[in-house]
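Only this structure's heavy atoms are used, side chains among them; waters, hydrogens and symmetry mates stay out. Within every chain, numbering begins at 1; the chains are lettered A, B, ... in the order of the sequence lines, protein sequences first and strands thereafter. As the structure is a computational prediction, the values presented were derived from the model and not from experiment.
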Amino acid sequence: MSDTPELNRTAPAAARLPEILRLLHAEYPDAACALDHRSALELLVATILSAQCTDERVNKVTPALFARYPDALALAEADRTELEEMIHSTGFYRNKAKNIQEACRRLVTVYDGQVPANMADLLTLPGVARKTANVVLGTSYRIADGVVVDTHVKRLSERLGLTAQSDPEKIERDLMALAPQDDWIDLSHLLIFHGRRVCDARKPKCSACVIADLCPSAPRYSDVG
DNA sequence: ATCCCGAGGG
DNA sequence: CCCTCTGGAT
């Protein structure tokens with residue numbers, strides 16, 4: 001598009017972001033939450049399980065989990081050991097089982113068994129911080145209170161020069177300042193899809209990346225040869 | 001900063 | 001073997 005790719009990749013983030021989003025949206029028109037769920041509660045549980053674990057693996061355990069424990073009360077009253085066994089393969093299973101159960105107990109006692117649709121109340125649930133709350137708010141309630149900053153969004157934001165921060169909450173503030181609120185939910189899904197398929201942690205496929213020209217971390221053609 | 005934790009890829 | 005995967009609490 002431009003005659004001077006160097007200018008693009010060194011341009012301010014605010015100037016590059018709209019084009020980055022446009023290109024990624026064309027590349028991943030169906031980018032969306034990849035955690036299987038049928039309700040806000042199922043998404044909340046799936047998101048807690050997704051910590052340091054692929055969504056694919058979470059999707060392997062949740063069908064049986066949700067069949068066995070169909071609502072917050074069932075999870076609140078579940079046998080802890082049985083719950084741990086059902087989610088064992090997702091890792092961190094003691095912490096995750098405890099958080100899921102304690103969160104569900106609070107949902108039952110304080111929120112009438114419903115998942116609250118606002119950030120402040122979600123953050124009172126054990127095991128729920130801004131990342132998880134943003135996933136539930138954005139996907140289940142269509143509320144863009146912030147930007148989901150997971151391991152992919154963090155890595156890509158750093159590589160793309162969208163932030164100079166390393167703390168996820170500071171990265172989130174930078175992204176919220178860079179993108180219009182209507183793009184906040186989509187932004188995370190696009191970066192996550194791109195992070196999984198192209199810009200992976202180990203060996204990013206820069207030669208196959210549609211936004212390489214806009215990325216300060218991508219090798220230049222003169223370097224590649 | 002450290003701990004929790006399993007599974008898959010390189 | 002080492003690194004990574006839609007983190008959060010201490």
(message) Please determine whether any donor N or O and acceptor N or O are separated by less than 3.5 Å between the side chain of A:Arg94 and the base of B:dC4.
(response) no
(message) Could you tell me how far apart A:Asn99 (CG) and B:dC3 (C1') are, to the nearest whole angstrom?
(response) 13 Å
(request) Using a 4.0 Å heavy-atom cut-off across all strands, classify A:Arg202 as base, sugar-phosphate, or nothing. (result) base
(request) Using whole Å, report how far CG of A:Asn95 lies from P of B:dT2. (result) 18 Å
(request) Evaluate the side-chain proximity of A:Leu107 to A:Pro116: yes if any heavy-atom separation is below 4.5 Å, no if none is. (result) yes
(message) Could you check whether atom CD of A:Glu82 has more than 12 heavy atoms from other residues, nucleotides or ligands sitting under 6.0 Å from it?
(response) yes
(request) Kindly check if the number of other-residue, nucleotide or ligand heavy atoms within 6.0 Å of NZ (A:Lys205) is above 12? (result) yes
(request) Return yes if a side-chain donor-acceptor contact under 3.5 Å exists between A:Arg155 and A:His152, otherwise no. (result) yes
(request) Please name the pair of heavy atoms, one in A:Val147 and one in A:Ser188, separated by the smallest distance, quoted to 0.1 Å. (result) CG1-OG, 3.2 Å
(request) Measure from OH on A:Tyr28 to P on C:dT6 and round the result to the nearest Å. (result) 14 Å
(request) Check DNA chain C against residues 83-93 of chain A and give the residues with a non-hydrogen atom under 4.0 Å, in numerical order. (result) A:Phe92
(request) Would you mind reading off the distance between A:Leu49 atom CG and C:dC5 atom P, rounded to a whole angstrom? (result) 18 Å
(request) For A:Thr132, answer base if it contacts any base atom (sugar-phosphate contacts may also be present), sugar-phosphate if it contacts only those atoms, and nothing otherwise; contact means non-hydrogen atoms under 4.0 Å. (result) sugar-phosphate
(message) By the 4.0 Å heavy-atom rule, please label A:Val58 as base, sugar-phosphate, or nothing.
(response) nothing
(message) Minimum heavy-atom separation for A:Ala46 and A:Val58, please, with both atom names.
(response) O-CG1, 3.6 Å
(request) Mind calculating the distance between NZ (A:Lys131) and P (C:dG8) to the nearest angstrom? (result) 6 Å
(request) Could you check which residues of residues 139-177 of chain A get a heavy atom under 4.0 Å from DNA chain C? Sort them by number, please. (result) A:Val148, A:Asp150, A:Thr151, A:His152, A:Arg155
(request) Let me know the distance between NZ of A:Lys203 and C1' of C:dC2, rounded to the nearest Å. (result) 16 Å
(request) Might you point out which heavy atoms bring A:Val128 and A:Ala133 nearest each other, and give the distance in Å? (result) CG1-N, 4.0 Å
(message) Measure CG/A:Asp200 against P/C:dC5 and give the value in whole Å, please.
(response) 8 Å
(request) Would you name the heavy atoms of A:Cys199 and A:Pro204 that are closest together and state the gap between them? (result) CA-CB, 4.2 Å
(request) Can you see which heavy atom on A:Arg16 is nearest to which on A:Leu160, and at what distance? (result) NH1-O, 2.7 Å
